**Student:** 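If you scroll down you'll find the structure; I have some questions about it.
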Amino acid sequence: MERMESMEPIPACYTTAYPEINPDSGYGSGENTENQAKTPPAPTYDEDLVHKTILVGDSGVGKTSLLVQFDQGKFIPGSFSATVGIGFTNKEVTVDNVKVKLQIWDTAGQERFRSVTHAYYRDAHALLLLYDITNKSSFDNIRAWLSEIHEYAQTDVVIMLLGNKADMSSERAIRRDEGERLAREYSVPFMETSAKTGVNVELAFTAVAKELKHRAVQHPSEPKFQIHEYIESQKEKSGCCSYF
Ligand SMILES: Nc1nc2c(ncn2[C@@H]2O[C@H](COP(=O)(O)OP(=O)(O)OP(=O)(O)O)[C@@H](O)[C@H]2O)c(=O)[nH]1
């Protein structure tokens, strides 16, 4: 992972411009058949786009572990010292047969780094907000994290709430329905994850990548991608949550 000590956020390259209409498509050429008029060509996704995604939440909730599990497919217990400042990992996710580039920033949860990490929120396209299901204060602090996000991030940033360490059910302090209720209150998607077993880790990042990809090619007349529905359908398919 690349580490940034500097306070200056790197501007991510990102545009949401609609793709140009292909003049050969019959669109606007005056040669439209009725059928062509009804089915405009699907907008193409620019695979060079880089979507800045930031992991936030209290110190020790498992941000670094979640990223390592997603990036390398492994969990190294107790191996990470608290993150200092901020660093990023580039990761490509294939969704709907296109490659979506995520630049995933792992932030320090400790209070003393807060002013550094705030500076990065402004350019964020997605924020994964974590709490630890065995740690009540990390859950109670989610409201404060959300106010910070609303203060410093763009209004249309994609936010997802994750209850991590779902493998530690015997030490659970926050019920799953409490997480669901909080997420509903703020209208953000939610799932429980485990950086240890890997449960839902891929799904969390894939759902974010899908949402970002759909936003980038969204035609105003098309129905919006429903991230909540996608997550629910995938959770059921994978049978991921049977042990919760
Ligand atoms: N059992 C279990 N332990 C986890 C999980 N995720 C993280 N941990 C452990 O929790 C501790 C903290 O994990 P980190 O990934 O360093 O947490 P962090 O949020 O990055 O912490 P900061 O860098 O201080 O903000 C480590 O000992 C991890 O091994 C998980 O899903 N299950």
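Just so you know, these numbers come straight off a predicted model, no measurement behind them. Note that ligands are numbered from 1 as they come in the structure, with each ligand's atoms numbered from 1 the same way.
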**Student:** What are the two closest non-hydrogen atoms of P189 and I227, and how far apart are they?
**Tutor:**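 Between these two residues, the closest heavy atoms are CG-CG2, 4.0 Å.
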**Student:** Indicate the atoms forming the closest heavy-atom contact of G60 with D132, along with that distance.
**Tutor:**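 Minimum heavy-atom contact is O-OD2, 4.2 Å.
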**Student:** Just to be sure I'm reading this right: ignoring hydrogens, which of S65, G198, A166, G60 gets closest to atom 15 (O) of ligand 1? Compare them by their nearest heavy atoms.
**Tutor:**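 Closest candidate by heavy-atom distance is S65.
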**Student:** Classify the contact between K196 and ligand 1 as side chain, backbone, both or neither, using a heavy-atom distance cut-off of under 4.0 Å.
**Tutor:**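 Within the 4.0 Å criterion, K196 contacts ligand 1 through backbone and side-chain atoms alike.
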**Student:** Taking 4.0 Å as the limit for heavy-atom contacts, which would you say applies to N164 with ligand 1: side chain only, backbone only, both, or neither?
**Tutor:**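 Looking at N164 and ligand 1, just side chain atoms fall under 4.0 Å.
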**Student:** Do you know which of T193, I104, T89 makes side-chain contact (heavy atoms from CB on, under 4.5 Å) with F70?
**Tutor:**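 Of T193, I104, T89, side-chain contact (heavy atoms from CB on, under 4.5 Å) with F70 is met by I104 alone.
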**Student:** Tell me, please, which residues at least two apart from H150 pass ring-ring contact (aromatic ring centres under 6.0 Å, His included).
**Tutor:**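 Listed in chain order: nothing, the list is empty.
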**Student:** Mind checking whether D167 contacts ligand 1 via backbone (N, CA, C, O), side chain (CB onward), both or neither, at a 4.0 Å heavy-atom cut-off?
**Tutor:**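 Within the 4.0 Å criterion, D167 contacts ligand 1 through side-chain atoms alone.
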**Student:** With nothing but distance in play, are any N or O atoms of D106 less than 3.5 Å from an N or O of ligand 1?
**Tutor:**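 No, there is no polar N/O contact under 3.5 Å.
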**Student:** Between F205 and K91, is there a cation-pi geometry (under 6.0 Å to ring centre, at most 45° from the normal)?
**Tutor:**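 No, cation not above the ring by the 6.0 Å, 45° rule.
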**Student:** Just distances here: any N/O of K63 and N/O of ligand 1 closer than 3.5 Å?
**Tutor:**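 Yes, since at least one N or O of K63 sits under 3.5 Å from an N or O of ligand 1.
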**Student:** Below a 4.0 angstrom heavy-atom separation, can you tell me which part of P77, side chain or backbone, both or neither, approaches ligand 1?
**Tutor:**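 The answer is the backbone of P77.
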**Student:** Can you tell me which residue pairs pass the salt bridge (Lys or Arg N to Asp or Glu O under 4.0 Å) test with a partner in residues 137-149, sequence neighbours excluded?
**Tutor:**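 Residue pairs with at least one partner in residues 137-149: R114-E148, K136-D140, R143-E185.
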**Student:** Based purely on interatomic distance, does A195 place a nitrogen or oxygen under 3.5 Å from a nitrogen or oxygen of ligand 1?
**Tutor:**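 The answer is yes, given that A195 and ligand 1 share an N or O pair closer than 3.5 Å.
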**Student:** Considering only heavy atoms of M168, which atoms of ligand 1 have at least one such atom less than 4.0 Å away?
**Tutor:**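 That gives atoms 1 (N), 2 (C) of ligand 1.
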**Student:** Do the rings of F225 and Y230 sit parallel, tilted or perpendicular, given the 30° and 60° boundaries?
**Tutor:**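 The arrangement is tilted - the two ring planes meet at 30° to 60°.
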**Student:** Is it the case that more than 12 heavy atoms not belonging to K196 sit under 6.0 Å from its NZ atom?
**Tutor:**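 Count not over threshold, so no.
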**Student:** Any atoms of ligand 1 less than 4.0 Å from a non-hydrogen atom of S194? List them with their elements.
**Tutor:**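 Ligand 1 atoms under the 4.0 Å threshold to S194: 31 (O).
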**Student:** So for ligand 1, is V61 a polar contact partner (N or O within less than 3.5 Å, distance only)?
**Tutor:**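 Between V61 and ligand 1, an N or O pair is found under 3.5 Å apart.
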**Student:** Are any of the N/O atoms on F75, whether in the backbone or the side chain, positioned under 3.5 angstrom from an N/O atom of ligand 1?
**Tutor:**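 No; every N/O pair is 3.5 Å or more apart.
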